[in-house]
Each structure stands twice: as structure tokens, then as C-alpha cells.
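Side-chain atoms are counted along with the backbone in the values below, which use heavy atoms only and exclude waters and symmetry mates. In this text, all values refer to a predicted model and were calculated from it rather than measured experimentally.
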Amino acid sequence: MRTAPLRRTRTARALPFGIIAVLFSAASLAAQDVAGIVLVEPFKVGTFAIRDVPRVGLVLRDALVIDIELANEALERNRAFPRIPPPSDMLDLIGRYEYGLQRRLYEIVNETVAYQRLMGPTRAEYVYDVEDVRILPPIMYPGKILNAASNFYSRVAADAPEGEGEEAVRERRANRGIPYLYLKPSRGAVIGTSDRIVIPHGREQTDWEVELGVIMGRAAKYVASEDAQATVFGYTVTIDVSDRGGRPPGGNPTTSDWLVEKGHDTFAPMGPWIVPKEFYGDPMAELRQTLDVGGERMQEATAGDMIHTLWELIEYASSILTLFPGDVINLGTSGGIGMGEERFLRPGDVLRATIDGIGTIELPVVEGPPAVGDMGVRLPPLRSYRQDPGS
């Protein structure tokens with residue numbers, strides 16, 4: 001594996017006027033035009049372990065990673081470009097994207113492509129192959145994660161008693177009500193595609209849910225749905241891993257327990273990177289998400305199956321709390337989850353979740369170690385209070 005140089009790269013040459021004309025020409029291979037800059041190709045952003053240090057990078061063609069800090073150093077040796085501090089992490093990048101960083105990232109991509117620094121003998125020292133770096137969670141870590149529960153009609157049908165799915169969907173269409181959102185832990189739960197999903201020891205009903213993760217780009221409070229798109233930074237793939245075993249009987253009479261179901265470590269895979277919104281389009285038109293377990297297709301859905309739109313979820317969430325740059329809203333999942341199929345994850349399974357236009361996260365499943373000692377009030381193994389783990 002090639003590691004990142006932490007020294008300064010060779011002095012960059014000034015861009016010839018001919019190349020500048022090509023980069024800024026409306027006739028070039030433009031994906032976007034921001035503040036007069038025509039971008040030669042779109043990019044994604046992610047966090048990568050380079051020389052065992054988390055670095056934020058640009059992803060081109062789903063195959064190449066540009067270390068933003070080192071690329072920015074090289075660019076600024078050309079006096080045509082003003083000095084702009086590079087992002088310290090993904091939260092910093094998101095927060096400053098609309099305040100100078102978007103333009104700078106466009107400049108880095110244009111300069112790197114123009115000088116043919118992606119491949120071959122002229123390849124820059126700040127460019128890496130994706131397979132040569134460790135892919136970390138793109139955001140380390142979101143301030144908060146909000147998940148939409150039962151937000152797909154196919155999920156409503158799957159949760160209904162046998163033979164009553166169509167009627168349940170009709171009733172829900174007639175009375176959508178307001179969304180249901182819950183908080184999911186961030187640090188500890190969030191992992192990247194280079195990590196593993198850990199089934200807690202003794203918990204035998206671990207489930208999957210592929211979801212579109214929406215990354216906020218601006219602070220938002222009381223945002224109307226028609227204005228919500230302006231508050232978004234981009235999109236990623238997420239998996240809402242769930243423990244369906246529930247609480248043991250006795251004690252507190254509350255039957256639902258969202259901490260048990262959603263809060264375990266490694267239960268919020270995210271990645272492999274983020275697509276800025278200008279390169280994805282309208283999620284309510286473009287979304288197609290799939291999930292495979294061990295090579296078998298379990299889930300497939302589009303936005304047409306959603307009950308509440310992304311924009312409605314932002315309006316509802318922002319009416320309760322302030323959303324900040326880097327916060328994540330997961331839009332919910334379709335039918336095809338393990339609970340409905342009476343099938344749950346087992347050690348050795350491989351989970352593969354894909355959203356078209358964003359990417360794929362693929363994670364192996366392992367069993368966690370048994371608890372050490374006995375304090376008397378820890379979550380017990382499922383078999384200790386359920387004779388039939390599938391019940």
C-alpha cells in the first residue's frame with residue numbers, strides 16, 4: 001500500500017492561459033458552473049486512512065482519491081490561487097463548503113485533470129487508488145442521526161398481519177399523518193465500509209435496513225419543505241442495523257426499547273463516501289436502493305415507495321430541533337427486512353448495500369465477544385428469555 005507523503009510536494013507550475021481557457025470554457029466537459037468555474041468532472045468526498053491518519057479526500061471515478069490538504073498545498077504554489085485553509089475533517093468541509101471550499105475543490109479537480117496528474121508518469125503524489133487506502137466513515141462523527149421509521153409503503157405492507165398488507169397501505173395513503181423520527185447514536189455506532197458489523201453476543205435477531213443518508217449543509221430551524229433542498233449538502237449510503245430481540249420481561253412495563261433495537265456499536269454503517277447534491281439530482285426522482293445478504297437480493301426500492309418525502313422530513317425535524325451541518329437524516333427503508341423474512345444476520349454473512357449514483361458499502365458480519373463479569377443489570381442473551389429466537 002502506498003502511503004501519503006506528509007512533506008510538501010514539488011512546486012507546481014503556473015497554469016498556461018490555454019489550459020485556463022479550456023477549464024473555464026462553457027464548451028468543456030462541465031458538470032457544474034459555480035461562481036464562473038466550469039468543473040471538468042464531478043467528484044465525491046470521503047474520509048480515508050492514509051498513513052494511518054484520517055484525511056479528507058476527493059473521489060474521482062469511484063477509483064481515485066485526492067488528498068485535499070496536499071493537493072491544496074500544490075495548488076497554492078501557483079500565485080494565481082489565493083490561500084484557503086484546507087478542511088480539517090469532513091464536518092469542517094461541510095460547514096465551509098458554501099463559503100469558499102466548493103470553489104477551491106473545483107479548482108483542485110480542474111488543475112489535477114488538466115495536468116494529467118491522475119495517472120501514469122505525471123501522477124501527483126497526492127493521488128491514490130481507492131484500493132490502496134482504508135475507507136473510513138465519511139463523517140467522523142455526525143452530531144446527530146435521525147432515522148425515519150416505517151416511511152415506505154412496502155414496509156407498511158410487510159409489517160401488517162398476513163393477508164392485510166394491501167388494506168394497511170390503503171389506510172396509510174389515506175392518512176399519512178406526520179413522520180416518525182428517532183435518534184440513533186453516532187460515535188461507536190457509525191462505521192465505514194472497511195469495518196465489520198458486530199452482532200452483540202447472545203443477540204440472535206440482528207436485522208438490516210438500507211437507507212439513503214441525507215447530509216445537512218446548513219443550520220436549519222423551521223424550514224418549509226419547499227425550501228429544504230437548499231439546506232442539504234449531499235447524500236450517502238447507510239444501513240440501519242437493528243436488534244429485534246427487545247427487552248426481557250419484567251421490570252419497566254414499556255415494551256418498546258429503541259436503545260436496545262438501534263443503539264449497539266457498529267449498528268450505523270455509512271459510506272463509502274458522500275455525493276454533493278449538485279452531482280446527484282433530486283432524490284425523490286433518482287433514488288434506487290438495494291441490499292443483498294450473502295449475494296441474495298433482499299431489498300430493492302425507489303423513492304416512489306416513500307410515504308413522506310425527504311423535504312417533508314427536513315421540515316418536520318427542523319420543527320422540533322435545529323439541524324446543523326453534518327447532521328444526518330436517514331429516509332427509512334422498504335420491505336424485505338429480516339424480520340419480515342424470518343431470517344436474521346449470522347456471523348459469516350456479508351451485507352452489501354447500494355444506492356445508484358452514490359456507491360456501495362459491503363461489510364462482513366461477526367459475533368462480538370461475551371461479556372466479562374456479572375453486574376446483574378446488563379442486556380441478557382436473547383435465549384435466556386425467548387425459547388424461540390424467531391418469535
Walk me through it: do Asp129 and Arg123 pass the test salt bridge (Lys or Arg N to Asp or Glu O under 4.0 Å)?
CA-CA 11 Å; Asp129 295 323; Arg123 183 175 192 169; 3.0 Å; yes

Can you find a side-chain donor-acceptor pair between Asn175 and Glu171 that sits under 3.5 Å?
no

Evaluate Arg134 against Asp195 for salt bridge (Lys or Arg N to Asp or Glu O under 4.0 Å), listing each step before the verdict.
CA-CA 9 Å; Arg134 180 177 173 83; Asp195 296 312; 2.6 Å; yes

Taking atom CG of Leu118 and atom CG of Leu64, what is their separation to the nearest 0.5 Å?
5.5 Å

For the residue pair Thr112 and Tyr126, confirm or rule out a side-chain donor-acceptor distance under 3.5 Å.
yes

Which is it for Met216 and Thr231 under the side-chain contact (heavy atoms from CB on, under 4.5 Å) test, yes or no, and what are the steps along the way?
CA-CA 6 Å; Met216 298 300 296; Thr231 67; 3.2 Å; yes

If two hydrophobic side chains count as joined below 4.5 Å and joins carry through other members, does Ile320 share a cluster with Val232?
yes

Without hydrogens or angle criteria, can the side chains of Asp305 and Ser154 be said to hold a donor-acceptor pair below 3.5 Å?
yes

All salt bridge (Lys or Arg N to Asp or Glu O under 4.0 Å) counterparts of Asp89, not counting sequence neighbours:
none

Donor-acceptor pair, side chain of His308 and main chain of Phe152, under 3.5 angstrom
no

Listed once per pair and sorted, the salt bridge (Lys or Arg N to Asp or Glu O under 4.0 Å) pairs that draw on residues 146-160, sequence neighbours left out
Arg155-Asp159, Arg155-Glu209

Can Arg288 and Glu300 be counted as an ion pair, charged N to O under 4.0 angstrom?
yes

Using distance alone, with no hydrogens and no angle criterion, decide if Asp243 and Thr206 have a side-chain donor and acceptor under 3.5 Å apart.
no

Stepwise ring pair (Phe, Tyr, Trp, His ring centres under 6.0 Å) test for Phe43 and Tyr106:
CA-CA 9 Å; Phe43 59 82; Tyr106 280 38; 5.7 Å; yes

Qualifying ring pair (Phe, Tyr, Trp, His ring centres under 6.0 Å) pairs with a residue from residues 231-254, counting only residues at least two apart or across chains:
Tyr97-Phe233, Tyr235-Tyr280

Hydrophobic side-chain clustering at under 4.5 Å (ILVMFWY, transitive links): who's grouped with Val169? Put none if nobody.
Tyr153, Val156, Ile307

Apply side chain to side chain contact (heavy atoms under 4.5 Å, CB included) to Glu261 and list each qualifying residue two or more places apart in sequence or on a separate chain.
Ser242, Arg244

Carboxylate-amine/guanidinium proximity below 4.0 Å for Glu41 and Arg61
yes

Contacts table for residues 160-168: side-chain donor-acceptor under 3.5 angstrom, sequence neighbours left out:
unit_1: Glu167; atom_1: OE1; unit_2: Arg170; atom_2: NE; d: 3.2
unit_1: Glu167; atom_1: OE1; unit_2: Arg170; atom_2: NH2; d: 2.7

Assigning hydrophobic clusters by single linkage (Ile, Leu, Val, Met, Phe, Trp, Tyr; side-chain heavy-atom cutoff under 4.5 Å), is Leu58 placed with Met140?
yes

For Asp52, look at atom CG and say whether over 12 heavy atoms of other residues, nucleotides or ligands are found less than 6.0 Å away.
no

Verify the distance criterion only: is there a donor paired with an acceptor across the side chains of Gln299 and Thr333 at less than 3.5 Å?
yes

Treating Ile, Leu, Val, Met, Phe, Trp and Tyr as nodes and any side-chain heavy-atom pair under 4.5 angstrom as an edge, say whether Leu183 and Val190 lie in one connected cluster.
yes

Roughly how far apart are Leu321 CG and Leu146 CG, rounded to 0.5 Å?
6.0 Å

May I ask you to decide whether Glu367 forms a salt bridge with Arg196, counting only side-chain N to carboxylate O separations under 4.0 Å?
no

Can you list the steps and then say if Phe279 with Trp273 is a ring pair (Phe, Tyr, Trp, His ring centres under 6.0 Å)?
CA-CA 13 Å; Phe279 306 126; Trp273 32 65; over 10 Å; no

Are any non-hydrogen side-chain atoms of Glu107 and Leu75 less than 4.5 angstrom apart?
yes

